[in-house]
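Read through the structure below, which is laid out as structure tokens, and then see the notes.
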There are 2 protein chains.
Amino acid sequence: MIKASPDNQNTRRRRDRSDIRDLLIESAIIEFAAHGFEGSSTRSIAERADAHQPQINYHFASKFQLWRATVDHLFELLDKTFSGIDEIEDPAESFAAGIRRLVYFAAEHPHLNRIIVQESSSSNPRMQWLTEVHVRPRFEQRRKLWRDLQEAGVAAPIPDELVHHVLIGAASQPYVSSSETELLLGLEQLDWALINAHAEGLVTTLLPGLDRLR
Amino acid sequence: MIKASPDNQNTRRRRDRSDIRDLLIESAIIEFAAHGFEGSSTRSIAERADAHQPQINYHFASKFQLWRATVDHLFELLDKTFSGIDEIEDPAESFAAGIRRLVYFAAEHPHLNRIIVQESSSSNPRMQWLTEVHVRPRFEQRRKLWRDLQEAGVAAPIPDELVHHVLIGAASQPYVSSSETELLLGLEQLDWALINAHAEGLVTTLLPGLDRLR
DNA sequence: GTCTATAATTAGATAGAC
DNA sequence: GTCTATCTAATTATAGAC
């Protein structure tokens, strides 16, 4: 309607926004997480940021490059959440802190895990880029630390080849499927007490030897 | 090419296949799991079954009803995997058997969990139907059994509100993201020994009191 | 029940005015 | 850098011959 009416040409005034790149990424986070790459449209992403669809091509050249910038941004947030964890000297306590932060991050930013799961559900160029650039370093580090903790008798008998995925799954599934979780529990939103109990429960369960060390 | 050429009208002969419904569902399982509902096209689904796109509307009336029939089919397979588990008298052993079968099913049929995750990533009519019809009964039963096992001192300190999702995540994540897992491990396919170690590891980890009972 | 043809809509990307 | 208009291709669904 608005578009068709020549009288309403002033409903959307021309405006320059220096933060438009960030706004488009914020919008893309929500759309890609909800509908996947193929299921998301650049039109919807632009509209959510109150922008026009061609602006995506201007600022990111293609839908794929917008997706990559979106994933890069989310991994930067993840890095911030984990900052300083290497300074914890005891490896068991460091891994425990990693579990807690993983749960908190998944609860606060479920979008990253949603995007990863949607892409890793099939083999495609996006999944390969994501795996090599962002996942592999975290996977290898976690695997090595886990082997050390198993030798020390602290860690549960989860195979080190799979501990990355088991941990990610156990930590993020309630939040990746948060609309399902909330519908099942009859809640508007998952509260902090439950998220905390989740995190502490995982620490105790995955590191049963931690108590003995304290 | 073939379509455009009038000489090649015999490249695809007319044929009636009584199993076309099942073939379309088999094809839909793969497409929906890989690309999600919105990212899958009825053309691709039909082509994979060597059928024409309008046959989907003839046999299922709409893309959505094809999706529902596909999910129903996968849950029937899940029920078969779990058949007879209620006859295990000891609740701890029954839950342990449930964990093992969940892992084996996720490894063999990762498509169901992929479809569930993709839909539960946003609130939509498909997610609501899926949750109420298929997920809720399993969720409630698992939650109640878990509470009993925690009171008996057998189960790990995972909150009963979240045990369904934590268990599903820990059991299925390596297979939902199997292309990622295989790329990271440099494997063509996850082998049986690893899948078995995964299942047994989860049983021991989630039911730490089980050994004492044996 | 299968198949071709096509309607109606929507997709990502581009051209060019401003 | 924003915006309108539009191109080409792909989408789901339907009509009608066989």
Side-chain angles (χ1 to χ4, degrees), chain A residues 1-28 31-32 34-70 118 124-126, chain B residues 1-25 27-28 31-32 34-70 124-126:
Chain A
M1 281 292 192
I2 292 170
K3 273 172 24 180
S5 165
D7 304 325
N8 283 2
Q9 284 177 345
N10 56 349
T11 47
R12 247 195 199 172
R13 287 229 162 270
R14 176 193 183 79
R15 63 230 138 122
D16 285 21
R17 288 181 294 176
S18 59
D19 57 342
I20 184 63
R21 243 191 92 100
D22 293 339
L23 288 172
L24 286 171
I25 286 180
E26 285 303 317
S27 172
E31 292 288 323
F32 285 139
H35 310 110
F37 178 83
E38 294 167 298
S40 298
S41 80
T42 53
R43 273 189 162 75
S44 305
I45 295 169
E47 266 178 35
R48 179 181 290 274
D50 197 23
H52 294 95
Q53 185 259 344
Q55 288 179 268
I56 286 181
N57 292 82
Y58 177 80
H59 287 282
F60 298 94
S62 73
K63 184 184 179 184
F64 172 62
Q65 291 193 54
L66 167 63
W67 180 88
R68 266 209 318 217
T70 302
Q118 307 223 29
N124 62 64
R126 292 183 302 282
Chain B
M1 281 297 192
I2 293 169
K3 272 171 26 178
S5 165
D7 305 325
N8 282 4
Q9 285 177 345
N10 56 348
T11 46
R12 247 193 197 173
R13 287 228 162 273
R14 177 191 183 81
R15 61 228 140 125
D16 284 21
R17 288 181 294 175
S18 59
D19 58 343
I20 185 62
R21 242 189 93 99
D22 294 338
L23 288 171
L24 286 171
I25 286 180
S27 171
E31 293 287 325
F32 285 140
H35 311 110
F37 179 83
E38 294 167 297
S40 298
S41 80
T42 53
R43 270 188 163 75
S44 305
I45 295 169
E47 266 177 35
R48 181 182 288 276
D50 197 24
H52 294 95
Q53 183 259 346
Q55 287 178 269
I56 285 181
N57 292 80
Y58 177 80
H59 288 282
F60 298 93
S62 72
K63 185 184 177 183
F64 172 61
Q65 291 193 54
L66 167 63
W67 181 87
R68 266 208 319 219
T70 302
N124 62 63
R126 293 184 302 282

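All values derive from a computational prediction rather than experimental measurement. A note on names: the letters A, B, ... follow the listed sequences, proteins ahead of strands, and every chain is numbered from 1.
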Quick note, Arg43(A) side chain, CB onward, closest among dA15(C), dT12(D), dG12(C) is dG12(C)

Thr42(A) and side chain to side chain donor-acceptor pair (under 3.5 Å): which single residue from Gln53(A), Glu31(A), Lys63(A), Glu47(A) fits? Gln53(A)

Length of the line joining Glu38(A):CD and dT11(D):C1', which is rounded to integer Å: 13 Å

What's the closest nucleotide to the Gln55(B) side chain, out of dT2(D), dT2(C), dT12(D)? dT2(C)

In whole Å, I'd like the distance from the NE2 atom of His35(A) to the C1' atom of dT10(C). 15 Å

Can you measure Asp19(A) atom CG to dT2(D) atom C1' for me and round it to whole angstrom units? 14 Å

Hey, is the side chain of His52(B) poking within less than 4.0 Å of OP1 or OP2 on dT2(C), counting only N and O atoms? no

Atom pair CD1/OG of Ile56(B) and Ser27(B) - distance to nearest 0.5 Å: 7.0 Å

Closest to side chain of Pro54(A), choosing from dC3(C), dT2(D), dA5(D): dA5(D)

Rounding to 0.5 Å, atoms CD1 (Ile25(A)) and CG (Leu66(A)) come to a distance of 7.0 Å

Atom CD of Glu47(B) to atom P of dC3(C): distance rounded to whole Å? 13 Å

Base, sugar-phosphate, or nothing: which does Ser40(A) touch, judged by heavy atoms less than 4.0 Å apart? sugar-phosphate

Measure the distance from CZ on Arg17(B) to P on dT2(C) and round it to the nearest whole Å. 8 Å

How close or far is atom P of dG12(C) from atom CH2 of Trp67(A), stated in whole angstroms? 16 Å

Considering only dA5(C), dT2(C), dG12(C), which nucleotide approaches the side chain of Ser41(A) most closely? dG12(C)

Would you classify Ile20(A) as touching base, sugar-phosphate or nothing, given that sugar-phosphate means primed atoms plus P, OP1 and OP2, and contacts are heavy atoms under 4.0 Å? sugar-phosphate

Starting at atom CG of Leu24(A), determine the distance to atom C1' of dT2(D), rounded to an integer number of angstrom. 12 Å

Quick one: on DNA chain C, does Tyr58(A) or Ser44(A) contact a more 5' nucleotide (nearest heavy atom)? Ser44(A)

Show me the donor-acceptor pairs within less than 3.5 Å that the side chains of residues 17-24 of chain B make with the rest of the protein, sequence neighbours left out.
unit_1, atom_1, unit_2, atom_2, d
Arg17(B), NH1, Ala49(B), O, 3.3
Arg17(B), NH2, Ala49(B), O, 3.1
Arg17(B), NH2, Asp50(B), O, 3.0
Arg21(B), NH1, His59(B), O, 3.3

Residues that Phe64(A) engages under side chain to side chain contact (heavy atoms under 4.5 Å, CB included), provided they are two or more places apart: Phe37(A), Ser62(A), Trp67(A), Arg68(A), Arg126(A)

Proximity to the side chain of Asn57(A) - top-ranked nucleotide from dT14(C), dT11(D), dC3(C): dT14(C)

What is the distance, to the nearest angstrom, from the CG atom on Asp50(B) to the C1' atom on dC3(C)? 13 Å

Measure from the side chain of Gln53(A), starting at C-beta and using heavy atoms only, and say which of dA15(C), dG12(C), dT11(D) lies closest. dG12(C)

